[in-house]
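Owing to the predicted nature of the structure, the values given are computational and were not obtained by experimental measurement. Only this structure's heavy atoms are used, side chains among them; waters, hydrogens and symmetry mates stay out.
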Amino acid sequence: SSGINAEYGGLVMGAAFTNSLATGLGTSIAVLCHEVPHELGDFAVLLNAGMKIKFAVLFNFLSALTCFLGLFVGLAIGSNTDAQKWIFAITAGMFIYIACADLIPLMNAQSTASKNPLATVLCQQVGVIVGFLIMWIIALYEADIESVGQPHDH
């Protein structure tokens, strides 16, 4: 499932970059913020299952490579407006599902099991707020991001 998750991340990044630089950048940051903890979690599961570190790294790397497959497909079909809408809808639904079905219960379990639940909840909320702030800043400066690399009138 980790490979499919990474493939969808690549797919939405490819489609987002065909839409605009700002959309691609914002989407890539969101996917990165999702994938890094996801891959670290997968790595921990593999190690806890008894897999040696070398093999766990190899398996994580191979599943992460599927992101490039999705990226190339997204870049190829993302210029089609109808395909782009479907890609965004499906991946948005997938990420919302992951947040609701996996992330929120995990955050709740971690705060409940913590020696200092209040500190854990505060750290979690800081992470969520930082994520929102990053997306807000990208939206705020979207026009400036779009003009990167464009010729300027003097």
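- Connection of Val57 to Leu47 is established within a shared hydrophobic cluster, with ILVMFWY side chains joined at heavy-atom distances below 4.5 Å, either directly or through further cluster members.
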TODO: Quick one: do Ile77 and Ile87 satisfy side-chain contact (heavy atoms from CB on, under 4.5 Å)? Show the steps, please.
DONE: CA-CA 10 Å; Ile77 67 172; Ile87 291 169; 3.8 Å; yes
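- When all heavy atoms are compared, the tightest approach of Val121 to Ser111 is CG2-CB, 3.5 Å.
- Note on Trp86: it clusters hydrophobically with Phe88, by side-chain heavy-atom contacts below 4.5 Å among ILVMFWY residues.
- We find the CD1-CG distance between Ile104 and Asn108 to be 9.5 Å, quoted to the nearest 0.5 Å.
- In the hydrophobic cluster analysis, where Ile, Leu, Val, Met, Phe, Trp and Tyr join through side-chain heavy atoms closer than 4.5 angstrom, Ile137 is grouped apart from Met135.
- Interatomic distance, Ile134 CD1 to Cys33 SG, rounded to the nearest 0.5 Å: 5.0 Å.
- Put simply, CD1 on Ile4 and CG on Leu11 are 12.5 Å apart, with the number rounded to the nearest 0.5 Å.
- The CD1 atom of Ile90 sits 10.0 Å away from atom CE of Met94, with the distance rounded to the nearest 0.5 Å.
- Contact record, Ile138 with Ala22: CG2-O, 3.9 Å, taken as the closest heavy-atom pair.
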Give the intermediate values and the outcome of side-chain contact (heavy atoms from CB on, under 4.5 Å) for residues Phe17 and Thr27. CA-CA 9 Å; Phe17 274 109; Thr27 302; over 6 Å; no
Exercise for review: Test side-chain contact (heavy atoms from CB on, under 4.5 Å) on Val128 and Met107 and set out the steps.
Suggested key: CA-CA 11 Å; Val128 170; Met107 290 171 68; 4.3 Å; yes
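- A donor-acceptor pair under 3.5 Å is absent between the side-chain atoms of Ser114 and the main chain of Gln110, judged by distance alone.
- Across all their heavy atoms, Ser28 and Met13 have their closest contact at OG-SD, 3.4 Å.
- Within the structure, side-chain hydrogen bond (donor to acceptor under 3.5 Å, both in side chains) pairs that include any residue of residues 9-22 comprise Thr18-Gln84, Ser20-Thr23, Ser20-Glu146 (at least two apart or interchain).
- Residues Val130 and Tyr141 fall into different hydrophobic clusters, defined by Ile, Leu, Val, Met, Phe, Trp and Tyr side chains chained together at heavy-atom separations under 4.5 Å.
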- Evaluate the side-chain contact (heavy atoms from CB on, under 4.5 Å) criterion for residues Ile53 and Phe43: first the C-alpha distance (whole Å), next the side-chain angles of each, then the deciding distance (0.1 Å), finally the verdict. CA-CA 9 Å; Ile53 292 176; Phe43 184 69; 4.2 Å; yes
Donor-acceptor contacts under 3.5 Å from residues 58-76 side chains, at least two apart:
unit_1 : atom_1 : unit_2 : atom_2 : d
Asn60  : ND2    : Glu39  : O      : 2.9
Ser63  : OG     : Asn60  : O      : 3.1
Thr66  : OG1    : Gly3   : O      : 2.6
Thr66  : OG1    : Ser63  : O      : 2.6

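- Among residues two or more places apart in sequence or in another chain, the side-chain contact (heavy atoms from CB on, under 4.5 Å) test is passed with Val36 by Leu32, Leu40.
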